[in-house]
Amino acid sequence: MENGAAQPVIVAIDGPSGTGKSSTSKAVAAQLGLSYLDTGAQYRAITWWMVTNGIDIEDPSAIAAVAGKPEIVSGTDPAGPTITVDGTDVAAPIRTQEVTSQVSAVSAVPEVRARITELQRSIAAGAERGIVVEGRDIGTTVLPDADLKIFLTASPEARAARRSGELKGADVNATREALVKRDAADSSRKTSPLAKADDAVEVDTTELTLPQVIECVVTLVEEKRAGK
Ligand SMILES: Nc1ncnc2c1ncn2[C@@H]1O[C@H](COP(=O)(O)OP(=O)(O)O)[C@@H](O)[C@H]1O
Ligand SMILES: Nc1ccn([C@@H]2O[C@H](COP(=O)(O)OP(=O)(O)O)[C@@H](O)[C@H]2O)c(=O)n1
């Protein structure tokens, strides 16, 4: 484009837990001057609200009835992403084991997905320079017209080792089992399951370092931009 003003670029990065979505997306967005949205944090935030308000997580109709209540706000600066629920900073409590073990059940409820998907689309549409959005269904459902779709994978062993490295002292086998269980729940739900879009580029990160994955994605974005 003339005058150096680039068209906004929309990048969708999907994949299961521990494949490197968050670290890669934040770094790519920072490097390219784009916004960043962690959609998993939004599903965790609504789950935190359900748990805090005593909603029965086993009862999809109870979840559906209140899905519109919490106000979730995501800050999209990749250098310091934020997440609040009704004005409360929930960045720490959404990462607890309690929320992690319940999030798949809450995120499977169609009313929850409809509400959060709408929020995600409006955030993406408002990102003036473009955005990197990471999740499970971004390329397939939330932003099917994204300029670039990436699907990250890695072996369950590599993903469990990465996650238990973060959760100090966590047992690798227990972490692996919990990951595989959450993948199965996320992949088998009826409404927008975890899936690779047909036109997504699959990157297996098992044997790659994080800087290598970031470089790979930055190169793919730049190639797309050059081809526009
Ligand atoms: N290619 C990689 N090699 C080694 N460690 C990685 C790699 N990608 C990410 N990590 C580490 O693995 C952990 C999980 O990464 P994260 O980006 O949170 O994954 P996801 O968002 O897919 O769950 C983080 O501690 C991150 O630094
Ligand atoms: N686009 C998305 C993103 C997350 N999720 C749900 O939110 C959960 C937490 O996502 P996350 O990205 O924070 O998970 P991790 O990869 O950090 O473990 C997932 O296990 C899914 O149940 C979803 O359903 N759709």
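Predicted model, so just to flag it, every value in this text is computed and none were measured. Just follow the structure's listing: the first ligand is 1, and inside any ligand the first atom is 1.
Under the 3.5 Å distance criterion, with hydrogens and angles disregarded, no donor-acceptor pair is assigned to the side chains of R163 and T100. S61 and D59 share a donor-acceptor pair across their side chains, judged by distance under 3.5 Å alone. Side-chain atoms of S107 and R44 form no donor-acceptor pair, as typed in the model, at a separation below 3.5 Å. Checking T39 against E134 by side-chain atom types alone, no donor-acceptor pair falls below 3.5 Å.
From the protein, the heavy atom lying nearest to atom 20 (O) of ligand 2 is D186 OD2, 2.6 Å. In terms of protein heavy-atom proximity, atom 13 (O) of ligand 2 is nearest to R44 NE, 2.6 Å. From the protein, the heavy atom lying nearest to atom 3 (C) of ligand 2 is T39 OG1, 3.3 Å. Counting protein heavy atoms only, atom 18 (O) of ligand 2 is closest to S17 OG, 2.6 Å. Protein heavy atom closest to atom 6 (C) of ligand 2, with residue, atom name and distance, is S107 OG, 3.7 Å. If you check which protein heavy atom lies closest to atom 24 (O) of ligand 2, you get R113 NH1, 2.8 Å. Shortest contact from atom 2 (C) of ligand 2 to any protein heavy atom: R136 N, 3.4 Å. The protein heavy atom nearest to atom 4 (C) of ligand 2 is G40 CA, 3.5 Å.
Scanning all heavy atoms of the two residues, the minimum distance from V85 to V90 falls at CG2-CG2, 3.7 Å. The two residues T153 and D204 have their closest heavy-atom pair at OG1-CA, 3.3 Å. Closest approach of R162 to G18, counting heavy atoms only: NH1-O, 2.9 Å. The two atoms that bring S23 and L210 nearest to each other are CB-CD2, 3.7 Å, heavy atoms only.
If you run side-chain contact (heavy atoms from CB on, under 4.5 Å) between V133 and each of V11, L37, D14, only L37 comes through.
Residues I123 and T76 have side chains in contact (heavy-atom distance under 4.5 Å, counting atoms from C-beta outward).
The distance criterion of under 3.5 Å between nitrogen or oxygen atoms is met by R182 with respect to ligand 2. At least one N or O atom of R163 sits closer than 3.5 Å to an N or O atom of ligand 2.
For K21, the closest heavy-atom approach to ligand 2 falls below 4.0 Å.
Residue E111 qualifies as enclosed at atom CD: its count of foreign heavy atoms under 6.0 Å is above 12. A 6.0 Å sphere centred on CG of D198 holds no more than 12 heavy atoms belonging to other residues, nucleotides or ligands.
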Atom pairs and distances, side-chain donor-acceptor, residues 180-187, under 3.5 Å, sequence neighbours left out:
from, atom 1, to, atom 2, distance (Å)
R182, NH2, S17, OG, 3.3
D183, OD2, R159, NH1, 3.3
D183, OD2, R159, NH2, 2.6
D186, OD1, S104, OG, 2.9
S187, OG, D183, O, 2.7

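Contact annotation: for R189 versus ligand 2, heavy atoms closer than 4.0 Å belong to the side chain alone.
Closer than 4.0 angstrom to ligand 1 sit non-hydrogen atoms from P16, S17, G18, T19, G20, K21, S22, S23, R162, R163, E166, T205, L208, T209, L210, V213.
Proximity annotation for atom 7 (O) of ligand 2: of D137, V103, I138, V103 comes nearest, heavy atoms only.
Using a 4.0 Å cut-off to heavy atoms of G135, the atoms of ligand 2 that qualify are 1 (N), 3 (C).
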